[in-house]
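These notes concern the structure reproduced below.
Bear in mind the structure is a predicted one, so any value in this text is a computation, not a measurement. Numbers restart at 1 for each chain; the letters A, B, ... are given by sequence-line order, proteins then strands.
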Amino acid sequence: MPKNTDLLIAASTIWVVVTAVLVMFMQAGFAFLEAGLTRMKNAGHIAGKNVLIFAVCSIVYWAVGFGLAFGDGNGLIGTHGFLPSVTQLISVGKKPFDFFAEIPGAAGYLFEVVFAGVSLAIVWGAMAERAKLWVYFVFGAVFTLIYSVTSHWIWDSHGWLFKKGMQDFAGSTVVHYQGALAALAGAILLGPRIGKFGHDGRANPIPGHNIPYAVLGTIILWFGWFGFNPGSTLSVDFGGFGYFAYVATTTNIAAAAGALGGIVTASLVLKKPDLSMMLNGVIAALVAITAASGYVAPWAAVVIGLVSGFIAVTGVIVVERIGIDDPIGAVAVHGASGIWGTLACGLFTVPLLAGRLATGHGGLVYTGSFHQLGVQALGVAVVGAWTFSASFSVLWVLKRLWGIRVHEEAETLGLDVSEHGMWGYPEFYIPVPGGYGTEAHAHLLGRPAHVSVAATPHEHLPPAVVE
Amino acid sequence: MPKNTDLLIAASTIWVVVTAVLVMFMQAGFAFLEAGLTRMKNAGHIAGKNVLIFAVCSIVYWAVGFGLAFGDGNGLIGTHGFLPSVTQLISVGKKPFDFFAEIPGAAGYLFEVVFAGVSLAIVWGAMAERAKLWVYFVFGAVFTLIYSVTSHWIWDSHGWLFKKGMQDFAGSTVVHYQGALAALAGAILLGPRIGKFGHDGRANPIPGHNIPYAVLGTIILWFGWFGFNPGSTLSVDFGGFGYFAYVATTTNIAAAAGALGGIVTASLVLKKPDLSMMLNGVIAALVAITAASGYVAPWAAVVIGLVSGFIAVTGVIVVERIGIDDPIGAVAVHGASGIWGTLACGLFTVPLLAGRLATGHGGLVYTGSFHQLGVQALGVAVVGAWTFSASFSVLWVLKRLWGIRVHEEAETLGLDVSEHGMWGYPEFYIPVPGGYGTEAHAHLLGRPAHVSVAATPHEHLPPAVVE
Amino acid sequence: MPKNTDLLIAASTIWVVVTAVLVMFMQAGFAFLEAGLTRMKNAGHIAGKNVLIFAVCSIVYWAVGFGLAFGDGNGLIGTHGFLPSVTQLISVGKKPFDFFAEIPGAAGYLFEVVFAGVSLAIVWGAMAERAKLWVYFVFGAVFTLIYSVTSHWIWDSHGWLFKKGMQDFAGSTVVHYQGALAALAGAILLGPRIGKFGHDGRANPIPGHNIPYAVLGTIILWFGWFGFNPGSTLSVDFGGFGYFAYVATTTNIAAAAGALGGIVTASLVLKKPDLSMMLNGVIAALVAITAASGYVAPWAAVVIGLVSGFIAVTGVIVVERIGIDDPIGAVAVHGASGIWGTLACGLFTVPLLAGRLATGHGGLVYTGSFHQLGVQALGVAVVGAWTFSASFSVLWVLKRLWGIRVHEEAETLGLDVSEHGMWGYPEFYIPVPGGYGTEAHAHLLGRPAHVSVAATPHEHLPPAVVE
Amino acid sequence: MVKVEAVVIRERIETVIDAVEEATGHVGVTVVEAVGHGRQRGITHEYRGRVFESRFLPKALLTFLVRDEIAAAVQHAISDAARSGHESGDGLCWRSEVENVVHNRTGLRLEEVELRA
Amino acid sequence: MVKVEAVVIRERIETVIDAVEEATGHVGVTVVEAVGHGRQRGITHEYRGRVFESRFLPKALLTFLVRDEIAAAVQHAISDAARSGHESGDGLCWRSEVENVVHNRTGLRLEEVELRA
Amino acid sequence: MVKVEAVVIRERIETVIDAVEEATGHVGVTVVEAVGHGRQRGITHEYRGRVFESRFLPKALLTFLVRDEIAAAVQHAISDAARSGHESGDGLCWRSEVENVVHNRTGLRLEEVELRA
Ligand SMILES: Nc1ncnc2c1ncn2[C@@H]1O[C@H](COP(=O)(O)OP(=O)(O)O)[C@@H](O)[C@H]1O
Ligand SMILES: Nc1ncnc2c1ncn2[C@@H]1O[C@H](COP(=O)(O)OP(=O)(O)O)[C@@H](O)[C@H]1O
Ligand SMILES: Nc1ncnc2c1ncn2[C@@H]1O[C@H](COP(=O)(O)OP(=O)(O)O)[C@@H](O)[C@H]1O
């Protein structure tokens with residue numbers, strides 16, 4: 001006969017594990033969004049590196065990151081729980097992972113590592129189509145640690161920004177804004193792709209090769225975000241039993257508004273309902289509602305989403321204007337919109353909900369007070385300074401020491417064949433006149449035994465040929 | 001120490017939110033099924049519009065649809081719960097959403113809005129490759145309301161058809177048949193795609209461009225359907241604790257039988273195991289079992305699935321015969337098979353299960369009575385009349401006022417480039433002789449500084465050239 | 001007021017159904033992994049057949065397999081529960097399915113049938129691009145039964161290998177190794193694809209046509225594996241409440257190590273970070289951790305994963321060396337790595353965890369005893385003998401009687417067009433000079449009415465033409 | 001024999017081939033996908049707010065090997081059928097002498113094969 | 001020099017090129033994917049119950065620029081190697097005069113380049 | 001008129017076309033994607049541990065129909081602009097006579113059309 005506390009643990013663990021798994025699947029979303037918005041010649045590399053970096057992140061986060069972020073410690077970092085033991089992972093609410101009160105430490109690891117993986121996936125979007133492969137290993141590991149520190153500040157109960165009452169429900173700042181800061185540093189240090197900017201400095205469009213991929217990626221992300229935000233209750237009763245359903249609702253409404261905001265802005269500003277911009281609008285809205293999903297009313301979710309759609313479109317253009325080449329728009333979509341979402345809490349947080357979640361206070365429109373907005377702005381400023389400078393310095397050193405960008409020929413040829421020896425779509429590239437799907441050529445078949453089936457050709461041949 | 005009722009709410013909310021999320025992901029399924037079964041030149045548009053219409057639906061359903069469908073009201077419509085407040089969404093089993101007894105209103109919204117989204121996705125399948133973009137906005141909004149009214153009749157406890165004991169467990173009629181009715185109206189008003197019917201009136205095949213996409217779409221739909229049917233218990237105890245597992249089982253068995261029914265029928269009738277027909281068979285079976293999944297025995301699920309596979313194949317051909325151009329077979333797969341599934345309850349419902357679900361009575365084969373079959377037929381007739389006439393009138397007006405079909409050139413060129421300015425696969429279309437993956441052409445690179453690397457060409461040049 | 005046992009059933013059923021659904025989605029993973037690693041001309045067939053065989057499996061397993069595997073019976077097979085009734089499926093912990101103590105029989109069917117489907121999907125990987133379509137039906141049905149018998153031995157509480165204390169938490173042996181054994185038999189009997197081996201016997205590479213597909217497939221498999229391993233607790237309390245979160249953690253860590261092991265091995269051994277090898281490394285690691293996920297410590301998961309990555313790369317090469325054509329590497333990835341994972345329990349099982357799961361004993365490194373390793377080896381040997389010989393015999397008979405391989409022309413042309421009448425990417429194959437996206441040719445449009453828009457051409461024509 | 005080559009818009013490929021057959025009874029053509037640049041302007045595209053133009057337009061290059069006596073009529077039929085009514089882009093048609101046209105399957109000269117047919 | 005052009009089935013492209021090299025020692029060819037329509041019937045496809053035919057079949061167009069003296073032998077080698085044994089579809093091979101063949105890299109005439117090689 | 005044909009590396013297509021226009025003012029070209037095999041070695045690929053080579057390299061086949069008097073200058077411009085500085089693979093450029101070049105849209109001879117322009 002199970003005890004009610006056991007059942008509570010069971011339900012909470014189901015919830016956290018299931019949502020963690022949804023978030024993990026966002027890697028497929030990023031892989032296809034990024035591959036879709038870049039060129040065929042890099043498609044395999046772009047998609048494949050998401051598997052690689054999530055792997056790097058999973059190991060590093062298990063060894064060090066998780067302890068740094070959620071192990072017992074001080075206001076700045078966690079100091080326990082590195083290379084966690086079996087017992088630490090299977091016990092519930094025990095030190096060093098007592099931060100997770102109703103789920104085993106393992107569930108905590110799983111939920112938090114997939115978040116780190118998302119932040120890391122964002123980084124590479126802006127660095128796509130020109131970074132060296134090994135940089136993914138090295139910076140992937142380093143960024144995982146940078147990320148862990150910040151998440152400790154804002155999410156862990158000892159974190160100094162948490163103590164100030166900063167509201168970042170699921171990580172507009174921790175996950176998305178941070179990822180975008182590193183992405184920005186990378187894009188600046190790498191410089192634009194060959195051909196992105198003409199001699200006159202005008203930006204050239206480099207169309208993504210597969211919009212259906214980008215759509216699939218976006219829907220997968222939307223899908224995964226239902227794990228991202230609602231799962232951040234880390235239990236079934238935080239905010240009240242079943243409260244996470246409310247979080248899912250604001251998330252969905254904001255995403256929808258983002259799609260509309262994006263496509264409408266594109267139609268007005270660009271005079272075309274650009275599909276990639278609509279998709280960016282969805283993601284920007286999801287990024288913004290990430291911080292606010294637990295705190296705001298549905299109407300505010302609509303506002304947040306619409307504004308995000310506008311930010312996505314204009315942001316992409318501005319970033320390009322100032323000469324930064326961000327192939328998939330990570331800086332605008334995760335950075336600008338991440339800031340917007342974080343500040344939006346300061347504007348729209350419903351006092352009742354801030355109370356239920358026991359984090360910070362109501363927003364400006366309800367309380368007339370700028371307090372919460374100030375706290376949010378502080379968080380944005382501090383994280384911006386820390387993560388950008390840390391990422392920039394590390395990448396700058398890597399660049400100085402070994403260089404982080406592939407050679408010109410490699411970039412022109414494409415990373416698939418130059419870095420991995422084979423294109424992502426070999427049958428479009430290997431110049432085989434036999435064409436797609438036929439392998440009837442020497443290096444695969446060996447010469448056919450006989451080249452003629454005519455008895456003895458000469459007989460039939462016209463004098464003109466034999467002379 | 002949590003109370004048992006709290007734990008029941010927690011478990012039910014987990015279940016409903018998780019299944020709602022699975023259903024939401026069906027949008028990716030439709031996007032890829034539809035994109036796969038249509039042409040390359042429209043692939044971006046077809047895939048992208050699913051994001052767009054789900055966005056429209058999410059906002060409209062939140063503002064009006066949810067209240068119409070499940071807010072307190074009379075037998076015809078719900079009259080409360082429009083623009084629901086925070087409190088209405090977070091409280092459980094309270095007016096106006098007391099229909100949802102064990103989950104918060106927010107969970108109710110989330111689960112129901114994704115169903116509306118599925119119905120809407122079906123509509124566009126038959127209208128693919130020729131409708132104007134703005135029509136998606138306008139008719140998307142209108143259809144969401146049409147849909148909400150019908151779902152109130154059949155699912156809400158005040159609904160008049162519900163009171164008659166109509167059995168539509170997860171919406172063969174409410175979701176699929178309705179979507180197909182609007183799809184039919186749209187296909188008729190749009191007329192066939194250019195080239196679909198020859199001058200002699202014979203139908204020409206317009207092969208879908210990507211069968212792997214269609215397969216992915218179908219598996220995603222099958223996957224999502226495990227949210228669609230089992231989630232419709234709206235709690236963990238409706239029909240008995242864990243009863244939803246039984247619903248999932250009949251769903252899976254029927255889908256499997258549908259695949260076999262489809263491919264076998266195709267082999268016999270068309271003399272070829274057409275893959276797209278096998279996939280249509282799967283979906284037709286899932287559509288049919290949707291109404292019956294909670295009511296019938298496994299053997300009946302097999303029968304329902306096999307027949308659906310047959311309906312899919314023959315239905316697609318018949319629809320084409322009568323001169324209707326339905327690119328992905330929505331009318332046959334969701335319409336004909338939706339009717340079949342609804343009526344199948346009247347045949348195969350197990351009295352025991354009807355009792356457990358407290359809806360209607362046993363089917364003909366068990367009771368020998370035509371009563372339930374009559375009720376089902378009534379529902380089909382009424383919904384058919386209402387939804388088809390409503391959809392047809394609205395689309396007819398839109399057509400008269402502004403026209404709902406793109407111009408011939410736009411259709412020939414493809415909707416991607418004509419409506420959105422860029423193809424879904426730019427590297428296949430932008431005529432760049434440099435070919436896929438090279439951007440070494442003027443409009444992107446700017447002219448290379450030097451055109452010759454030879455010292456001074458003339459020296460080497462043969463007199464014949466210099467003259 | 002729900003009883004605690006009811007809530008336990010509710011929670012366990014949610015968990016098992018949700019994880020079963022994740023595992024079902026692995027079919028999409030296999031479809032895209034296999035389609036991606038094979039050629040364009042077979043893409044539709046390869047992807048589509050996964051739907052077909054899962055359908056065959058679902059019906060056969062419901063009718064016979066489930067009873068054979070988990071119905072009451074003796075140490076060798078289950079003898080009850082064929083064509084299970086409604087009552088057998090909805091009742092919990094009752095005969096013949098009392099093996100499932102906390103979930104309804106239906107949940108048991110659903111969870112176990114998707115496992116059989118995975119095992120079956122593996123079989124075809126090695127037989128890709130040359131097997132006849134009907135073979136999928138016949139051997140699909142037969143293998144489902146072979147599989148069911150083995151799963152009874154190892155998983156059912158009456159099973160003789162289970163009684164010996166064999167540890168195979170989620171089926172490295174039952175699911176993956178078995179699938180690979182049949183795959184090996186098939187690959188041997190089919191022989192290599194045309195052009196795979198040159199006249200000198202040297203293996204020729206036949207590049208897969210779409211690496212992004214393979215990446216998507218791999219991430220979907222990783223995603224689905226979070227259902228595969230953690231769901232194998234079959235309840236929320238097996239191993240302790242929420243223990244399944246620990247299983248998910250070891251699974252994720254091993255998969256990550258597998259990616260690193262694979263890409264590093266490829267870089268060292270092949271001198272290139274081959275992406276398809278990295279993906280194989282992930283899957284090999286997931287295969288290996290499948291048996292061990294509930295028994296080993298995180299550090300052991302890392303070791304298991306790294307070694308699996310090495311096995312995947314070298315295994316693929318060895319299999320090719322000995323003249324077996326295994327297009328996607330199923331034999332190495334599921335076979336060799338499945339054996340490794342099974343034996344790894346004998347090495348690394350933590351006594352504490354073996355105790356919690358009440359299965360077998362601690363591994364060599366903890367206990368210094370070879371006992372568990374022996375049991376594991378016995379299982380591997382027996383299953384190897386049984387499944388390989390059974391599969392080989394059946395396929396051998398099929399080959400003798402009707403032949404299991406398509407004709408040379410069909411294989412050269414591709415299975416899509418030869419078996420199904422239409423390519424998976426028609427617009428790349430149907431030789432239409434109008435090219436992708438235009439259908440302006442006779443067989444679709446009918447002749448344009450007028451061929452000239454010039455008044456009367458002769459007037460303008462130069463004498464030279466009119467003569 | 002004479003080799004008649006023509007550059008036409010892709011939509012007109014089959015119309016042109018049919019016109020040649022109707023006018024002269026000639027069957028036999030080899031078609032290559034081409035892109036062309038001429039007096040006509042290229043297509044304009046838009047992506048993420050950038051407008052750009054591709055200077056090339058899709059065309060097809062048709063090659064007919066024909067008996068000398070019908071060459072003129074073939075050219076006539078082609079340029080007539082290739083005319084689309086657009087302001088631009090209909091392409092060209094020209095001819096040149098070719099020698100010793102061999103029919104690979106039989107090894108005979110194409111003339112002879114055509115006579116026999 | 002002489003330009004020898006040939007339309008062959010795609011499976012025979014490399015066989016033909018090898019045959020030319022064996023017979024005459026000539027190296028150098030430019031290959032274009034083409035589709036052709038001739039005496040041969042097209043391929044039949046089926047989709048959702050509709051059967052239809054594409055009038056075109058995949059071929060390749062090969063261009064060899066060769067010294068006048070070996071032109072005949074080259075044509076011979078081509079049409080011989082192009083013969084597949086199918087009833088139809090093996091294509092054609094013909095030649096024509098070309099002037100002033102310049103080798104882009106060196107600016108020299110191709111003859112000279114080949115001599116030096 | 002004269003038909004000038006050239007095989008060039010794909011990266012140089014637009015450079016060549018621009019060079020022709022600068023040097024002679026000629027506008028009008030038809031471009032076909034080709035693959036070539038010559039003195040140059042093919043590309044090496046690696047897949048799952050196997051290294052293999054494709055004997056063909058991507059090239060483009062350009063066709064210019066030009067007035068006789070500018071033919072030499074056009075060839076000059078082409079082979080000059082096609083020169084990439086790589087050790088190999090820059091391709092060829094040649095010319096041949098063509099008769100009765102008809103402009104499909106107007107039915108006039110191309111010369112006349114060009115004069116009018
Ligand atoms: N001088 C030329 N040499 C080769 N191809 C040409 C030439 N002039 C035109 N073309 C081909 O014909 C096509 C149509 O030519 P264009 O000048 O655009 O048509 P129009 O003369 O009707 O405006 C071009 O895209 C190109 O493929
Ligand atoms: N008169 C022609 N002009 C140009 N190409 C031709 C001609 N006749 C045949 N061909 C090319 O040769 C290919 C084979 O010709 P076809 O008549 O089908 O072969 P066969 O004569 O052996 O039956 C055709 O597909 C076409 O590409
Ligand atoms: N004799 C030839 N006939 C036809 N095409 C040729 C001939 N020689 C070279 N080519 C074309 O020119 C391209 C470059 O030739 P190649 O010999 O590789 O360059 P290089 O002479 O500078 O080494 C080849 O890929 C082929 O397309």
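For chain C, the nearby part of I9(A) is the side chain; its heavy atoms alone come within less than 4.5 Å. For F244(C), the part lying under 4.5 angstrom from a heavy atom of chain A is the side chain only. When heavy atoms are compared at a cutoff of 4.5 Å, V247(C) does not approach chain A at all. Only the side chain of L279(C) has a heavy atom closer than 4.5 Å to any heavy atom of chain A. In this structure, chain A has a heavy atom under 4.5 Å from the side chain of I263(C), while its backbone stays farther away. Heavy atoms closer than 4.5 Å to chain A are found in both the backbone and the side chain of Y246(C).
Note on ring orientation: taking the six-membered ring where Trp is involved, the planes of F25(A) and F223(C) are parallel (angle under 30°, cut-offs 30° and 60°).
Comparing N210(C), V236(C), T218(C) by heavy-atom pairs within less than 4.5 Å of chain A, the highest count is held by N210(C). Highest contact tally toward chain A, considering only P273(C), A11(C), G240(C), is held by P273(C) [criterion: heavy-atom pairs under 4.5 Å]. Annotation: maximal heavy-atom pairing with chain A below 4.5 Å, among P298(C), A297(C), G414(C), occurs at P298(C). In terms of non-hydrogen atom pairs under 4.5 Å with chain C, the most contact-rich of A31(A), A47(A), A63(A) is A47(A). The candidate from P212(C), G242(C), A259(C) with the greatest count of non-hydrogen atom pairs under 4.5 Å with chain A is P212(C). With chain C as the partner, the residue from L89(A), I90(A), L216(A) showing the most heavy-atom pairs under 4.5 Å is I90(A).
Checking side-chain atoms of T249(C) against main-chain N and O of A106(A) turns up a donor-acceptor pair under 3.5 Å.
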Under the side chain to side chain contact (heavy atoms under 4.5 Å, CB included) rule, what do N252(C) and L110(A) come out as? Steps first, then yes or no, please. CA-CA 8 Å; N252(C) 192 61; L110(A) 197 71; 4.2 Å; yes
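Within the 4.5 Å cutoff, the side chain of P2(A) has heavy atoms near those of the F241(C) side chain. The side-chain heavy atoms of L260(C) and I59(A), taken from C-beta on, include a pair separated by under 4.5 Å. Between I14(A) and V18(C), the closest side-chain pair of non-hydrogen atoms is not below 4.5 Å. V215(C) has its side chain out of reach of N50(A): every pair of non-hydrogen atoms, C-beta onward, lies at least 4.5 Å apart. Counting heavy atoms from C-beta outward, I211(C) and H420(A) have side chains that stay 4.5 Å or more apart. The shortest side-chain heavy-atom distance between V86(A) and L353(C) falls under the 4.5 Å cut-off. Annotation: side chain of P104(A) is not in contact with side chain of Y243(C) (no heavy-atom distance under 4.5 Å).
Residues H45(A) and L275(C) approach most closely at N-CD1, 3.7 Å, considering heavy atoms. Residues V17(A) and A245(C) share a closest heavy-atom pair of CG2-CB, 3.7 Å. Nearest heavy-atom pair across H209(C) and E427(A) is CB-OE2, 3.4 Å.
Interatomic distance, L7(C) CG to N4(A) CG, rounded to the nearest 0.5 Å: 7.5 Å. The CZ atom of F32(A) sits 8.0 Å away from the OH atom of Y213(C) when rounded to the nearest 0.5 Å. In this structure, CD1 on I219(C) lies 8.0 Å from CD1 on I220(A), to the nearest 0.5 angstrom.
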